[in-house]
**Student:** 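To start, I am sharing the structure in question, which I have written as structure tokens.
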Amino acid sequence: MASKYYQEMQENFRNNNKSREFPAHSAKVHSVAWSCDGRRLASGSFDKTASVFVLEKDRLVKENNYRGHSDSVDQLCWHPTNPDVFVTASGDKTIRIWDVRTTKCTATVNTKGENINICWSPDGQTIAVGNKDDVVTFIDVKSHRSRAEEQFKFEVNEISWNNDNDMFFLTNGNGCINILSYPELKPIQSINAHPSNCICIKFDPTGKYFATGSADALVSLWTVEELVCVRCFSRLDWPVRTLSFSHDGKMLASASEDHFIDIAEVETGEKLWEVQCESPTFTVAWHPKRPLLAYACDDKEGKYDSNREAGTVKLFGLPNDS
């Protein structure tokens, strides 16, 4: 028997299953993220810039383009409680903090390597950034100085704090989830989560679960308290690149090189919906208040020139008649 939530969301997506695309960059989009109030969406691209859009009713209106990096912007994230501030990680060995009110870069922090992943601590005080040499640097947001630096002996993929800010999680190339105490950074546990490369990790907004995506094409769901795997989602055929929980923690979107984004009901694992795509999807992000999903694919420009990257950002969940 399908849950009431399942029926409600099915009904919602039947009426709101339109996707719309918005020009954002001149090359591939690597990362999309919503500000904590849901008013803005930021995107980072291979074209070395970040773009910020304002969400107006059923469309994204481009507000600004942020230039300054001299290499690809691989990942970005917003301050957890300040909707005006975001940070970008780049292959140029810096991270940059930006303020949308002034449209300026408020800080550039030099790091040791080419940065590929970044996250902001839930208390807003620290930014963690990981580079291609598997070094994670913890940067004090006020002083812009490094608080700690950890060199890992394995391939570090995605990094994240838990919602309580007292543990730090890394997914690694051996299929494990490594958990460190925070701020001490002492190893607590290493979980063998997947038989192959563990790529991405996300915590749900309620703090009950986290999910990991792997090269084995599986998404696994874990309880934060007991660190037990409660279910797996196995509808994708390709390595899972990106995950996002909905604002209520009840839906999980996952994407890969498959030409669809899987939307699952967290509690049952049932498929709620799938969003059709014409190419691999690199990044997905649920809106923090509404069932709207931002995403970006490896789209090419036009039917004739198949080499030019489109650099568009997409939004799914819009009214069919919009």
**Student:** Do Val313 and Leu60 have side-chain heavy atoms sitting under 4.5 Å apart?
**Tutor:** yes
**Student:** Looking at Ser90 and Asp71, would you say the former's side chain and the latter's main chain have a donor-acceptor pair under 3.5 Å?
**Tutor:** yes
**Student:** From Leu41 CG over to Leu55 CG, what is the distance, rounded to the nearest 0.5 angstrom?
**Tutor:** 8.5 Å
**Student:** In terms of relative ring orientation, are Tyr182 and Phe138 parallel, tilted or perpendicular, with 30° and 60° separating the classes?
**Tutor:** tilted
**Student:** Regarding Lys112 and Glu149, does a basic nitrogen lie under 4.0 Å from an acidic carboxylate oxygen?
**Tutor:** yes
**Student:** What orientation do His30 and Phe46 show, parallel under 30°, tilted 30 to 60°, or perpendicular over 60°?
**Tutor:** perpendicular
**Student:** Can Glu265 and Lys250 be counted as an ion pair, charged N to O under 4.0 angstrom?
**Tutor:** no
**Student:** Tell me whether Arg241 is salt-bridged to Glu257, with the criterion being a basic N under 4.0 Å from an acidic carboxylate O.
**Tutor:** yes
**Student:** Please evaluate residues Glu158 and Lys202 with respect to the criterion salt bridge (charged side-chain N to carboxylate O under 4.0 Å, His left out), reporting the C-alpha separation (whole Å), side-chain torsions for both, the decisive distance (0.1 Å), and the verdict.
**Tutor:** CA-CA 9 Å; Glu158 203 160 43; Lys202 277 290 180 298; 3.7 Å; yes
**Student:** Looking at Lys314 and Asp299, does any basic side-chain N land under 4.0 Å from a carboxylate oxygen?
**Tutor:** yes
**Student:** When clusters are formed by joining ILVMFWY residues with side-chain heavy atoms under 4.5 Å apart, either directly or through shared neighbours, do Val156 and Ile179 land in the same one?
**Tutor:** no
**Student:** For the pair Glu225 and Lys208, find out whether any cationic side-chain nitrogen is under 4.0 Å from an anionic carboxylate oxygen.
**Tutor:** no
**Student:** Is there a donor-acceptor contact under 3.5 Å from the side chain of Asn82 to the main chain of Asp84?
**Tutor:** yes
**Student:** Going by ring-ring contact (aromatic ring centres under 6.0 Å, His included), Phe316 matches just one of Phe13, Tyr295, Trp286. Which one?
**Tutor:** Phe13
**Student:** Side chains of Glu8 and Gln10: is there a donor and an acceptor less than 3.5 Å apart?
**Tutor:** no
**Student:** Are the side chains of Val87 and Leu76 in contact, using a 4.5 Å heavy-atom criterion?
**Tutor:** no
**Student:** What's the spacing between Thr212 OG1 and Leu243 CG if we round to 0.5 Å?
**Tutor:** 7.5 Å
**Student:** How long is the span from the CG atom in Asn131 to the NZ atom in Lys93, to the nearest 0.5 Å?
**Tutor:** 9.0 Å
**Student:** Any heavy-atom pair between the side chains of Ile177 and Phe210 that's under 4.5 Å?
**Tutor:** yes
**Student:** Taking the side chain as everything from C-beta on, heavy atoms only, tell me whether Val275 gets closer than 4.5 Å to Ile263.
**Tutor:** yes
**Student:** Out of curiosity, Trp34 CH2 to Lys289 NZ, how far, rounded to the nearest 0.5 Å?
**Tutor:** 11.5 Å
**Student:** Measure the OG1-CZ distance between Thr106 and Arg101 for me, rounded to the nearest 0.5 Å.
**Tutor:** 9.5 Å
**Student:** Is there a side-chain contact between Leu315 and Leu293 (heavy atoms, below 4.5 Å)?
**Tutor:** no
**Student:** Are Arg59 and Val61 close enough that some pair of their side-chain heavy atoms sits under 4.5 Å apart?
**Tutor:** yes
**Student:** By the definition ring-ring contact (aromatic ring centres under 6.0 Å, His included), identify the one residue from Tyr209, Phe245, Phe169 that meets it with Phe203.
**Tutor:** Phe169
**Student:** Which value, rounded to the nearest 0.5 Å, describes the distance between Ile95 atom CD1 and Cys105 atom SG?
**Tutor:** 9.5 Å
**Student:** Within the structure provided, determine whether Gln7 and Glu11 are in side-chain contact (heavy-atom separation under 4.5 Å).
**Tutor:** no
**Student:** Check whether the side chains of Asn197 and Glu155 place a donor and an acceptor atom closer than 3.5 Å, and report yes or no.
**Tutor:** yes
